[in-house]
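Each remark here refers to the structure printed beneath this line.
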Amino acid sequence: MPDLRHLYQTIMLENAQHPQHSGILTGAKVKKITVHNPTCGDELVLSGVIEHSRLISIAQHSEGCIISRASASIMTELVLENSLDQIQVLAAMFVSLINGHNLANQELLQQAMIFSGVGQFPMRTKCALLPWQALVELVEGDKQ
Amino acid sequence: MPDLRHLYQTIMLENAQHPQHSGILTGAKVKKITVHNPTCGDELVLSGVIEHSRLISIAQHSEGCIISRASASIMTELVLENSLDQIQVLAAMFVSLINGHNLANQELLQQAMIFSGVGQFPMRTKCALLPWQALVELVEGDKQ
Amino acid sequence: MNAYREDFPFFKAHPDIVYFDNAATTQKPATVIQALIDYYSNDNASVHRSTYTLAQQATDQYEQVRTKVANFIGARDANQILFTKGTTEGLNWIAQGVCRHFLQPGDEIVLSVMEHHSNLVVWQQLANTLDLKLRYIKLTDQQTLDLADAQQKITTKTKVLAITGVSNVLGSSNPICKLSKLIHAVNGLLIVDGAQMVPTMPVDVSQLQIDCLAFSGHKLFGPTGIGVLYATPALLDVLPPAEFGGEMIDQVSLTTTSFQPAPYKFEAGTQNVAGVIGLGAAIDYIQTIGMDKIHAEEQMLGQYLAEQLSNITNVSIYGPADRDSGIVAFNVDQLHAHDVATFLDSNQICVRAGTHCAQPLVNMLEVNATLRASLAFYNSFEECDQLVTAIKAAKEFFSYA
Amino acid sequence: MNAYREDFPFFKAHPDIVYFDNAATTQKPATVIQALIDYYSNDNASVHRSTYTLAQQATDQYEQVRTKVANFIGARDANQILFTKGTTEGLNWIAQGVCRHFLQPGDEIVLSVMEHHSNLVVWQQLANTLDLKLRYIKLTDQQTLDLADAQQKITTKTKVLAITGVSNVLGSSNPICKLSKLIHAVNGLLIVDGAQMVPTMPVDVSQLQIDCLAFSGHKLFGPTGIGVLYATPALLDVLPPAEFGGEMIDQVSLTTTSFQPAPYKFEAGTQNVAGVIGLGAAIDYIQTIGMDKIHAEEQMLGQYLAEQLSNITNVSIYGPADRDSGIVAFNVDQLHAHDVATFLDSNQICVRAGTHCAQPLVNMLEVNATLRASLAFYNSFEECDQLVTAIKAAKEFFSYA
Ligand SMILES: Cc1ncc(COP(=O)(O)O)c(C=O)c1O
Ligand SMILES: Cc1ncc(COP(=O)(O)O)c(C=O)c1O
């Protein structure tokens, strides 16, 4: 079994403890997606506002493990103000990262690179991916 | 595997080839029972007339293997003119015989004793028992 | 170390693993594995259908296990034992059969809030389709079944009480004898989910007057893919088969079919013969120990573990204070069950984290998930201590953030 | 002797047995038995539900077999592969699902008269309950499927054609490709009973445009208690699960439930994990030989046996003259199949006698029962000769009366 310190890096623990963009947005323009992980009972509510194909506002409310909470926190910070096209690229890159592939432009993922160790814990990959799954659902309707 | 000559004795083969009491009785007083063996598709029609708790007439029509045909033939000859009480005793004895038990008054079974070898061929016991199963059904309604 | 461990090849292959996931599935003694090898190497032939000697021997072996199972659970007659794929299939068959053939719209079915999804979802689906009413027996403050509530919920409208013998989360056993009296007083059926009960304590269906009992081989130290459904002759006679196919048939024409009597009418198609043989070997094995002994060992282990865990600060334990099995669910405050489970895994300790296929119960405990250590008689006090040490280390590890 | 025989422990245990009952169940190569031993001795853990490493490895092994099965039958996606108890269960699930959710009273289902009870009784029962109409494709004088009759019976009213790929009595294969065009031309579903076809010839569901295919592991040199149901995504998306329980669930409350997507929504409760692993090993084994080779060998053996038997006076052979599998049904005039089978058994030859779970077909052949020798690639010409010699001896023995 790989070293746990490689999985649970300090930035991850910090983000889980002090999540960024925490909460649920309200308002007429807000889109809201709820996803969950049936094996562990975790739930995540992602809310955002999209205007002119750009994510102009986002918040996440995450009840889950360190990995999923940290992933939600880091993701929201990373994707805010991005265009929907950019978001889809990032989401695809993140999935590749978790699946253990080498990434060409890994700097684009910024802090989300700390999840590179999760692939070695296959039972936990769902946790890291859950917020991104919600994000893809959130932006999907608004892309042609 | 035990010797087949012990199973297929000459009397059995003769009875299968030239069955006694062959046919189907007709008439108002006739009771008719049809039984079959689902694994092999065999069918037996037993018809009889019971009066004053006595089997006064019987016939069998058997489509089946040597063992079941011979059993039907020998059974009908044995039980004709017997009282229903006697028939139930004989049926119980025959079941014991097939199950490999030692019988006290085995002479009562007369020729049916040739089925003593069938117990060593468990997959064939149903064949020998089929006519007796029909007989028990036939007499059951008439006994209090 | 526990001497029984020697009997299990899995523990030879993994001498250092602490296997605490026995409520999910148990390990298999060498005799069970050997029975499978022997069956496939020597005896494999078509059961019931063919007439040659080998097939007869396979059929005899198969039917002998039916008798063995009947004796094991105190059934009067081997023909009351049906072989299934597992608890889930058995409960589905009986729920479908009973709801579709005995119940009328408005009839009530009583369950408990601690049911596993296998004894909940099927009733829920049928209740919705057939307009039946589900009522749930609550828990007491001590997280035991609330018998006063049971008395309230079981009324003359109640046709079925379907309840687990032992909760796979709380680890507690339900008072089947008392419940049997309650439900039979209103002429209802008692259906028991024995998935966790049968492997941990002696069960006598005749004495407890259980109408149906379902359990799984793989949780009883036997093979996967085999289970048992026990039912009373009254039910088996009238319930129609759940599946149709070979072997269950009496006669078929292009337009009509008649069926064999139970148990055969329920066993459509070729059965899991090796699974049945392996289940027989599992029952032989546990009977060399004795269910009383197994129950005593597992109770003791469960009690010890619960006490040791409760001595750790900020650990919450679920279920009643008196343990009746080796199942202990718990949580570490502030830590998510999955993170702790990953930490334990890195220490070679296998426990389960999540909702344990009992989402309503876990929600009622007001958590998203719990950890669950489930011990079998082959586990040991030393292993409990290892878990306790590892939990303390986990607290340290994660607080270090 | 056939060199493949070496791979099968059963034949080491019984060097003199002529095993000609492969259509009922096949023997298992050592690699399949070893896969079971390895699984239970090293890898046994809860699949899908637990998060520790061992459970992950068991889950991976289990899911890899799904992919292996998909590749083996030419399915586009592993998620189209559901694990079942066997052919019978697969056909029951699909028949129940399709009839209850797609069909209207008056709709027609076309079967053939050569169907095994597993692909007949369930349709018959549903047709009676739901007021559907069953139509049967006849045989030609050569005892092959009557394609002209098929063209007549398959009309715009036909919603389903459910037919066996290879008859378990006649040994002939049906022209699935042509039938696929016929039924799809009227927008009906093609459901194929692959119990005998998949073990004897290459099958590509995508190329043949089969909508559903069911088969059994135990007839494919794999373990008992495991089978496969393949179906198109269109069907799997809309069909409801046949059973409810653990693992298939997305979310459950006391009153509602949502399900996982296919294949999981159909796999309720703990599955036959060891059975799946063993099935994977069986597919690995037969792929080292190749299905084309297996088909050629079995065709050749069937052809040889049929010719040798037909040279005996007073032996009737059923099925078409060109054999397409190792299955040869026959009778000896004046002798009952069961008596001959007992005689053969005393000569260590295992054949089946009876109606082979195909009573309508056997009645159509105007006999009560037949003998059936069913050969696999591990059988040999010498064994065929042994059977021929024994049949001659049987005639002698019984005529001696
Ligand atoms: C053509 C055919 N269909 C279906 C079945 C049923 O298979 P199983 O008994 O494995 O479910 C069989 C074998 O018995 C068969 O030969
Ligand atoms: C209480 C209870 N009921 C039912 C089941 C379902 O058993 P299986 O998955 O073997 O069908 C389980 C185990 O998962 C259980 O713990």
Side-chain angles (χ1 to χ4, degrees), chain C residues 9-10 13 21 24-25 27-28 33 36-37 40-42 44 46 49-54 85-89 92 116-118 120-122 124-125 136 216 218 223-226 243-246 249 251-254 257 268-270 272-275 338 341-342 345 350 352-353 357 359-360, chain D residues 9-10 13 21 24-25 27-28 33 36-37 40-42 44 46 49-54 85-89 92 116-118 120-122 124-125 136 216 218 223-226 243-246 249 251-254 257 268-270 272-275 338 341-342 345 350 352-353 357 359-360:
Chain C
F10 178 88
D21 197 19
T25 201
Q27 299 306 331
K28 322 304 172 197
I33 301 173
L36 297 174
I37 301 174
Y40 283 128
S41 305
N42 302 323
N44 176 58
S46 173
R49 299 189 187 173
S50 301
T51 50
Y52 47 86
T53 309
L54 262 176
K85 200 154 66 175
T87 308
T88 301
E89 186 169 81
N92 270 268
H116 186 279
H117 295 168
S118 291
L120 194 166
V121 180
V122 64
Q124 203 184 71
Q125 299 290 316
Y136 290 92
S216 299
H218 74 100
T224 58
I226 191 71
E243 295 179 352
F244 305 94
I249 296 301
Q251 288 208 302
V252 185
S253 75
L254 290 178
T257 297
T270 306
N272 186 356
V273 182
H338 268 196
T342 296
D345 185 25
C350 304
R352 196 164 156 196
C357 299
Q359 285 182 25
Chain D
F10 178 87
D21 198 18
T25 201
Q27 298 306 330
K28 322 302 173 198
I33 301 173
L36 297 175
I37 301 175
Y40 283 128
S41 304
N42 302 324
N44 176 58
S46 173
R49 300 190 187 173
S50 300
T51 51
Y52 47 87
T53 309
L54 261 175
K85 200 153 66 174
T87 308
T88 301
E89 187 170 79
N92 270 268
H116 186 278
H117 295 168
S118 291
L120 194 166
V121 181
V122 63
Q124 202 183 72
Q125 299 290 315
Y136 290 93
S216 300
H218 73 100
T224 59
I226 190 71
E243 294 179 354
F244 305 94
I249 297 300
Q251 287 208 302
V252 185
S253 76
L254 290 178
T257 296
T270 306
N272 186 357
V273 182
H338 268 195
T342 296
D345 185 26
C350 304
R352 197 165 154 193
C357 298
Q359 285 182 22

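Order of the sequence lines fixes the chain letters, A, B, ..., with proteins taken first and strands second; residue numbering starts at 1 for each chain. Since the structure is predicted, the reported quantities are computational estimates derived from the model, not experimental observations.
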Closest-packed option against chain D by number of heavy-atom pairs under 4.5 Å, given [options]:
| options | value |
| --- | --- |
| C/T88, C/T270, C/N92 | C/N92 |
| C/T25, C/L36, C/V121, C/I37 | C/V121 |
| C/G275, C/A341, C/A24, C/C350 | C/C350 |

Does any heavy atom of chain D fall under 4.5 Å from the side chain of [X], the backbone, both, or neither of them?
| X | result |
| --- | --- |
| C/Y136 | side chain |
| C/I33 | side chain |
| C/E243 | both |
| C/Q27 | both |

Considering all heavy atoms of both residues, which atom of [X] and which atom of [Y] are nearest to each other, and what is their separation?
| X | Y | answer |
| --- | --- | --- |
| C/A274 | D/T224 | N-OG1, 3.1 Å |
| D/D21 | C/Y52 | OD2-OH, 2.5 Å |
| C/F10 | D/Y40 | CB-O, 4.2 Å |

Quiz item: What residue in D/A268, D/S216, D/G86 has the most heavy-atom pairs under 4.5 Å with chain C?
Solution: D/A268
Quiz prompt | Backbone N/O of C/P9 and side chain of D/S41: donor-acceptor pair under 3.5 Å | solution = no
